[in-house]
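Given the structure is predicted, the values throughout are model-derived calculations rather than measurements.
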Amino acid sequence: MVNLGKVHVGDINTLLILPVEDTQSGSNVAFDLSANPGTYYIILIDPDGNESSHTADVANAPGTDGKIQFINTDSTLFDEAGYWQAKARLDLD
């Protein structure tokens, strides 16, 4: 989980980039998204612990660096001031 820091109500065009890491080998290495196609999500967690899921894109094609991104285009998404968190979810094909 990543701490986003303080988010302000009504923030818009906020770019969020999250690293996705493969931890199965015992060391954290970038998860190769180019070798693992699917649908990627960024889960936002508001200061009260409520979660919302948002479709994410590969940040740097082809995705070998394991980074996904989401750009908030909705001024109502961040509806609560305070410290938000984010995590990634991958639904692989």
Side-chain angles (χ1 to χ4, degrees):
M1 199 158 351
V2 174
N3 289 319
L4 299 180
K6 192 165 189 170
V7 175
H8 299 92
V9 172
D11 278 355
I12 192 166
N13 293 324
T14 305
L15 171 62
L16 304 175
I17 298 177
L18 292 181
V20 179
E21 296 179 336
D22 182 354
T23 59
Q24 291 183 8
S25 65
S27 61
N28 295 6
V29 295
F31 186 78
D32 186 355
L33 299 167
S34 68
N36 295 282
T39 306
Y40 315 120
Y41 300 92
I42 288 182
I43 311 299
L44 296 176
I45 303 136
D46 71 19
D48 292 330
N50 301 307
E51 296 184 359
S52 60
S53 179
H54 307 275
T55 303
D57 299 307
V58 172
N60 302 309
T64 55
D65 65 353
K67 293 182 180 174
I68 60 173
Q69 72 178 16
F70 166 72
I71 300 173
N72 166 35
T73 58
D74 180 357
S75 65
T76 64
L77 177 61
F78 294 116
D79 59 355
E80 186 175 344
Y83 292 94
W84 288 63
Q85 295 179 314
K87 61 184 177 181
R89 187 182 93 215
L90 309 179
D91 288 346
L92 303 177
D93 293 339

As an exercise, state the distance from [atom1] of [X] to [atom2] of [Y], rounded to the nearest 0.5 Å.
X: Thr39; Y: Arg89; atom1: OG1; atom2: CZ; result: 9.0 Å
X: Lys67; Y: Leu33; atom1: NZ; atom2: CG; result: 11.5 Å
X: Asn28; Y: Asp22; atom1: CG; atom2: CG; result: 8.5 Å
X: Glu51; Y: Ile45; atom1: CD; atom2: CD1; result: 4.5 Å

Please name the pair of heavy atoms, one in [X] and one in [Y], separated by the smallest distance, quoted to 0.1 Å.
X: Gly66; Y: Ala30; answer: N-CB, 4.2 Å
X: Ile42; Y: Ala86; answer: CG2-CB, 4.1 Å
X: Pro47; Y: Ala81; answer: CG-O, 3.7 Å
X: Leu16; Y: Leu4; answer: CD2-CD2, 4.0 Å

Any heavy-atom pair between the side chains of [Y] and [X] that's under 4.5 Å?
X: His54; Y: Leu77; result: yes
X: Trp84; Y: Asp11; result: no
X: Leu92; Y: Tyr40; result: yes
X: Asp57; Y: Ile71; result: no
X: Ile68; Y: Phe70; result: no
X: Leu18; Y: Lys87; result: no
X: Val20; Y: Leu90; result: yes
X: Val9; Y: Phe78; result: no

**Asked** Would you say Asn60's side chain and Gly63's backbone share a donor-acceptor pair under 3.5 angstrom?
**Response**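 Checking the backbone N and O of Gly63 against the side chain of Asn60, no donor-acceptor pair under 3.5 Å is found.
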**Prompt:** Short question: side chain of Asp48, backbone of Asn50 - any donor-acceptor pair under 3.5 Å?
**Reply:** no
**Message:** Same cluster or not: Val2 versus Val58, using hydrophobic residues (I, L, V, M, F, W, Y) connected whenever any side-chain heavy atoms lie under 4.5 Å apart?
**Reply:**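 Yes, it is one cluster - the side chains of Val2 and Val58 are joined through contacts under 4.5 Å.
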**Request:** Begin from the C-alpha positions of Tyr41 and Thr55 and carry the test side chain to side chain contact (heavy atoms under 4.5 Å, CB included) through to its verdict.
**Result:** CA-CA 4 Å; Tyr41 300 92; Thr55 303; 3.8 Å; yes
**Asked** Could you go step by step and tell me if Asp46 and Leu44 meet the side chain to side chain contact (heavy atoms under 4.5 Å, CB included) rule?
**Response** CA-CA 6 Å; Asp46 71 19; Leu44 296 176; over 6 Å; no
